[in-house]
Amino acid sequence: MTAVSTYLLTGMALFLVGLHGLLTLQSMLRRIIAVNLMGSGVFLVLTALAARVPDADPVLHALVVTGLVVSISATALALRLHGAIQRHREDDDS
Amino acid sequence: MAIAEIILDATLIGLLLVMGLGTLHTRRTGASIALFAGFGMILALVWARLGAPDLALAEAAIGAGLTSALLLRAASITEEEEISIPARRQWLSWLFVAVVFVWLALHVIRLSTPVDSPSLPNLVAGHLADSGVDHPVTAVLLNFRAWDTLLELLVLLLALLGFRQVARRNQHPYDADSHPAPWPLLKAWSRSLAPLLVVTGMYLLWRGSESAGGAFQAGAVLAAAFVLLRLSGQLPVVHWSRWTVRLAALVGPALFLTVAGASALAGEGWLDYPDGMSTPLILLIEAAATVSIAVTLAFLVSGEEEDIAE
Amino acid sequence: MALLIALTALTMLAAVWRLLNGPTTADRLLSVQMLGTTSIAVLLLMAEWQQQSHWRDVALVLALLGAVISAALVQLLRPVQKRDPARQRGQS
Amino acid sequence: MTLLLEALCIALLMGGLFFFLTGALGLLRFPDTYSRLHAVTKADNVGLGLLSAGLALSAADFQSTGFMALIWLLVMASGATSAQLLARYQREQDQQEPPTDGDR
Amino acid sequence: MNLALWSMAIPLVSGLVLLLAGPRQVRRWGGYLTLVASMASGLTAWYALQSTTIQLRQYLLLGNWEEGLAIRLELTTLSALLLLFTALIHGLVALYARFSRHGISHAYWPLSCLLHGTLAALWLSGDLFNLYVTLELLGLTSIALLTQSGARAWRPALDYLLLSLAASLCYLLGVAMLYGQYGLLDITLLSDMTQNDGATRLALILMTGGLMLKAAMWPLHGWLPAAHASAPTAVSALLSALVVKGPLFILWRLWSEVAPIDAAVQAGPLFAAAGIAALIGGGYASLRSPYIKTLVAYSTVAQMGYAMMALGLLLFWQHPQMHVALWLFVIAHGLAKASLFMAAGEIQNTLGTRRISALRGATQTVPIAMFAFAVAGGSLIGLPPSGGFLSKWVLLGPLLNDPWHWPWAAGVFLGTLVSAAYVFRAVIMGFDRVHIKRPDLNPDRTAQWLAMLPALLVWAMALSGNWLTAWLGGGGI
């Protein structure tokens with residue numbers, strides 16, 4: 001059990017926890033967080049794979065940087081939609 | 001020594017899992033979001049532990065910083081809600097997750113030994129001298145796989161476009177009427193913090209060609225400075241309807257596309273920088289990309305509402 | 001050195017406990033701040049341990065962003081309590 | 001001399017660790033938000049200060065020492081400011097709601 | 001190769017130009033610029049297609065770096081054809097959006113241009129991670145387009161966004177596992193290396209799951225009807241005709257190139273079976289739908305079943321004719337679906353209701369749109385001599401030769417019956433002359449004719465069937 005494999009497994013676990021959350025949770029905010037967790041899990045798998053070689057694989061690091069940006073932009077969009085839906089509902093109620 | 005490393009790994013992984021589970025399943029929204037912010041910090045430590053400085057920087061700025069700011073802003077307009085999950089079928093779904101995990105784990109564990117044959121890290125190291133920069137991650141991002149980065153900038157741009165379209169007619173959650181005026185202390189603090197952020201952003205950009213750092217990290221830090229100043233009410237609302245603002249958001253992808261097109265027309269091919277020009281071109285593109293990323297992230301995080309009169 | 005790092009990291013567990021159990025929002029923000037400071041300490045120690053200076057950059061960014069977040073969020077969180085729809089509409 | 005320096009360095013690092021541990025303990029055990037605030041900020045600032053001092057002693061160059069000093073100052077300032085802000089925020093909350101309802 | 005790159009760059013650049021220009025300018029000439037861009041892109045794609053007849057497979061290693069290090073862009077006859085198809089559909093939809101009376105907001109133009117460019121990048125890419133980025137880009141563009149119809153699209157857009165993110169993360173995890181095992185991202189290089197072992201299969205399963213979710217393939221189609229039906233008409237047309245085809249293309253490349261051949265043969269029947277389930281399930285849902293646009297959206301789910309079936313049988317038998325059938329089908333469906341959505345939108349706008357019962361008497365009130373609906377529907381059913389017929393004919397050819405394959409053929413016939421049922425349900429209602437629903441507005445004749453245009457093209461496809469089959473047959477696997 002090397003450090004790399006433990007982190008690989010942790011990444012997988014986070015991915016699954018996120019997926020489970022996305023599918024079972026009711027609250028939209030939590031589901032958005034869940035998708036973020038899935039992303040972190042995948043990035044952890046990628047980075048753990050990068051750590052297998054002595055000087056860490058720069059290609060994988062670049063891929064994760066790219067992925068991080070995707071995830072924040074999508075999160076911002078999702079949260080905006082969520083907020084808009086909430087306010088819309090409030091307006092309808094009144 | 002080895003034992004100490006195991007303790008460190010175990011602590012980090014334990015924290016990661018506890019916070020990951022907690023952020024999804026704790027009852028209060030506030031706790032959930034605070035846990036998520038902490039999760040980002042731990043993740044930055046994990047990247048450091050795995051020898052990925054670029055990721056640690058990006059995570060510290062984006063994951064721990066901007067994403068939690070986003071979530072908190074969202075929570076501030078959401079009613080505090082307590083979630084209660086029906087406990088009946090809960091264990092069944094977790095059992096299913098556990099089974100899938102074991103199945104995945106059996107395959108994934110085999111990947112922990114490196115591949116021997118054509119290994120990209122060696123290729124990167126071999127061509128680093130020709131790439132125009134000294135830092136391998138920057139070389140991959142802006143030279144070897146520049147096409148990914150170009151499309152990435154478009155992703156960011158499209159997120160912003162989608163973001164702007166939602167709730168255009170509604171009022172923005174953060175407007176001066178519903179929030180109390182910022183405390184003077186906050187104002188003073190942000191006035192002294194913002195220049196430091198700007199300097200750090202510039203520093204990260206400048207260091208990017210030789211060491212960890214680069215456009216994404218620098219852009220995120222600059223965006224944080226902007227958000228802070230906006231929140232403490234020291235910057236006016238930025239309007240998308242001004243063409244300068246649009247230009248700032250577009251300059252990164254536009255310049256990148258221009259370089260790509262020009263190199264296809266006049267040079268060797270799409271995104272093939274001419275000899276000797278790689279370093280200045282990469283620096284130029286990075287600087288432009290930083291501006292675009294900073295502006296876009298600032299819009300996304302501070303959630304500016306704009307031209308309603310349009 | 002590694003042991004020192006590990007022990008410092010262990011103190012984060014306390015912050016997580018406080019995060020999970022609250023009871024007030026200020027407590028949680030405080031724990032996040034504590035987590036941030038501890039992370040910075042760990043990063044500085046790692047920089048010394050592995051003799052690599054870029055962890056200090058990370059620590060700096062973390063410190064800066066932590067400061068931004070805790071300052072900005074206090075401001076953002078304030079109106080939550082006031083957001084009682086009926087009362088708000090009554091005022092406007 | 002070097003021995004003395006090393007001993008001092010280790011002592012400082014240990015001191016830093018001690019303050020982190022006490023801070024954690026305070027966060028766990030202190031009864032209300034204000035005292036926890038007090039515990040965390042004090043312990044964190046001193047802890048990080050001692051750690052950076054210890055590391056600075058063994059550091060090779062001035063650049064890293066300067067960096068650590070900057071980070072420490074930043075954390076201290078940020079800690080002080082956000083402690084202020086948090087305390088005020090908490091007071092605002094307490095004033096709004098009866099103190100018995102501490103669950104917010 | 002450069003021609004194909006221009007075909008991609010032209011819409012991207014025009015998208016950026018449109019963003020930079022102020023709303024007033026975009027309102028004035030945005031539509032025209034989009035039309036010109038799609039035409040120019042189509043023209044370059046046409047020349048690229050010509051060049052592939054000389055050299056079947058061209059590739060470009062970006063930045064002229066070594067194989068494996070660089071991102072590979074690939075131009076085959078198929079990708080050139082898809083470039084042309086994208087430009088064509090984009091142009092047709094832009095024509096409709098520009099001249100229809102129920103105009104579209106100015107924000108539509110840059111987004112549709114960027115969508116076109118993204119798809120072009122996807123058709124050309126030969127790198128697993130680059131495909132991930134194009135997928136994300138495609139997803140976000142679709143969301144941005146979707147949110148144009150305002151508050152009622154928010155909820156479907158959010159669901160779509162979250163699912164699409166989860167799907168791309170599944171895909172990315174698969175990519176990570178492949179990279180972990182083989183150390184490569186380049187599809188062409190990977191295709192020589194992959195072995196049929198557990199980790200590879202797992203990676204393929206993860207990626208397939210993600211892509212099927214993105215392509216709304218049965219059983220992962222739940223998000224599609226709400227999303228596609230709530231978008232503005234022109235956007236629905238683009239989403240249904242083009243966007244779902246992107247993940248399908250990646251799926252095809254994955255299984256026909258990356259996957260080891262024995263794994264592909266094992267997976268084939270599963271795909272085909274899911275395809276039949278999609279045909280029947282989607283068709284039934286479409287038949288039961290109370291709204292016009294939902295009917296059309298569910299029909300996309302059903303029709304993707306044919307694509308999945310063709311893909312599955314292609315993998316199962318490795319029969320090149322299935323490859324032709326698959327892509328003929330994609331093109332025919334794209335044209336027909338664009339027409340169908342535009343006609344549905346026109347009918348809906350004119351009659352002022354979304355309900356399908358409003359179609360009563362539509363042959364009299366909105367005759368041209370109704371005719372377009374019927375004509376496009378005819379292609380979906382596969383009436384000769386439409387493009388839909390052509391693709392089905394190619395698909396059925398090998399199925400009918402061998403008695404053992406007849407069950408699959410029966411599946412196709414069953415699917416045809418179901419699609420006939422839901423198309424005729426709407427059309428027959430249109431001929432009802434007793435309970436005519438009077439239109440709220442004057443019918444917009446130009447827009448109706450424009451909605452008809454793709455339907456006419458899909459029938460014209462049968463005339464050029466020889467070329468298409470030759471191109472696809474020659475440039476295939």
Side-chain angles (χ1 to χ4, degrees), chain B residues 1 3-5 7-8 11-12 14-15 18-19 22 26 28 30-31 34-35 37-38 41-42 44-45 48-49 53 56-57 60-61 64-65 68-69 72-73 75-77 79-80 174 177-180 182-183 186 189-190 193 196-197 200 204 207 211-213 217 221 224-225 227-228 231-232, chain C residues 1-10 12-13 15-17 19-22 24-25 27-32 34-36 38-40 42-43 46-47 50 52-55 57-69 71-80 82-83 85 88 92:
Chain B
M1 205 61 172
I3 292 174
E5 274 182 39
I7 296 178
L8 178 61
T11 317
L12 288 179
L15 282 168
V18 167
M19 294 172 102
T26 183
R28 288 190 168 278
L35 275 166
M41 288 170 185
I42 307 293
L45 286 186
R49 169 78 183 100
L57 274 174
S68 26
L72 256 145
R73 197 168 60 80
S76 77
I77 59 165
E79 306 294 321
E80 175 92 3
Y174 185 79
D177 301 330
S178 68
H179 277 242
W183 285 307
L186 183 68
W189 176 227
S190 62
L193 202 56
L196 204 56
L197 279 165
T200 313
L204 287 177
R207 276 201 60 169
S211 169
Q217 292 90 344
V221 172
V227 171
L228 183 65
L231 269 180
S232 58
Chain C
M1 200 69 181
L3 193 66
L4 193 64
I5 299 175
L7 286 177
T8 318
L10 271 176
M12 289 194 204
L13 288 174
V16 172
W17 190 86
L19 255 179
L20 280 168
N21 291 331
T24 69
T25 311
D27 274 320
R28 299 207 183 91
L29 290 180
L30 188 64
S31 323
V32 172
M34 170 90 184
L35 275 176
T38 321
S39 307
I40 291 166
V42 170
L43 282 168
M46 279 181 103
Q50 299 179 349
Q52 269 177 329
S53 64
H54 39 231
W55 303 138
D57 296 354
V58 181
L60 178 66
V61 172
L62 208 55
L64 277 169
L65 266 292
V68 172
I69 296 291
L73 295 187
V74 174
Q75 172 68 11
L76 270 178
L77 278 182
R78 279 171 74 201
V80 176
K82 292 183 179 169
R83 216 184 141 75
Q88 212 172 27
S92 59

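In what follows, chains carry the letters A, B, and so on, assigned in the order in which the sequence lines appear, proteins first and then strands, with residues in each chain numbered from 1.
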> Using a cut-off of under 4.5 Å for heavy-atom pairs, which of C:Asp57, C:Leu35, C:Val32 has the most such pairs with chain B?
Replying inline: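 Answer, by heavy-atom pair count under 4.5 Å with chain B: C:Asp57.
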Atom pair [atom1] ([X]) and [atom2] ([Y]), whose distance is rounded to the nearest 0.5 Å:
X	Y	atom1	atom2	result
C:Ile69	B:Met41	CD1	CE	7.5 Å
B:Leu8	C:Ile5	CG	CD1	6.5 Å
C:Met12	B:Thr11	CE	OG1	9.0 Å
B:Leu45	C:Ile40	CG	CD1	10.0 Å
B:Ile7	C:Leu7	CD1	CG	6.5 Å
B:Leu228	C:Leu65	CG	CG	10.5 Å

>> Using heavy-atom distances under 4.5 Å, tell me whether B:Leu15 contacts chain C through its side chain, its backbone, both, or neither.
In response: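 Contact with chain C involves the side chain of B:Leu15 alone.
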> With a 4.5 angstrom heavy-atom cut-off, which part of B:Arg207 approaches chain C: side chain, backbone, both or neither?
Replying inline: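 Side chain only.
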> Should B:Leu193 and C:Leu64 count as side-chain neighbours, where that means a heavy-atom distance under 4.5 Å?
Replying inline: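 Yes - at least one pair of side-chain heavy atoms lies under 4.5 Å apart.
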With chain C as the partner, which of [options] has the greatest number of non-hydrogen pairs under 4.5 Å?
options	result
B:Leu35, B:Leu196, B:Val18	B:Leu35
B:Gly65, B:Ala61, B:Ser68, B:Pro53	B:Pro53
B:Gly22, B:Ala48, B:Ala69, B:Ala225	B:Ala48

> Side chain, backbone, both or neither: which part of C:Leu19 has an atom under 4.5 Å from a heavy atom of chain B?
Replying inline: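 Both backbone and side chain.
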>> If I compare all heavy atoms of C:Val68 with all of B:Ala224, which pair ends up nearest, and what's the gap?
In response: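 That closest heavy-atom pairing would be CG1-O, 4.1 Å.
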> Where is the tightest heavy-atom contact between C:Ala6 and B:Ala4, given as atom of each residue plus distance?
Replying inline: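 That would be CB-O, 3.7 Å.
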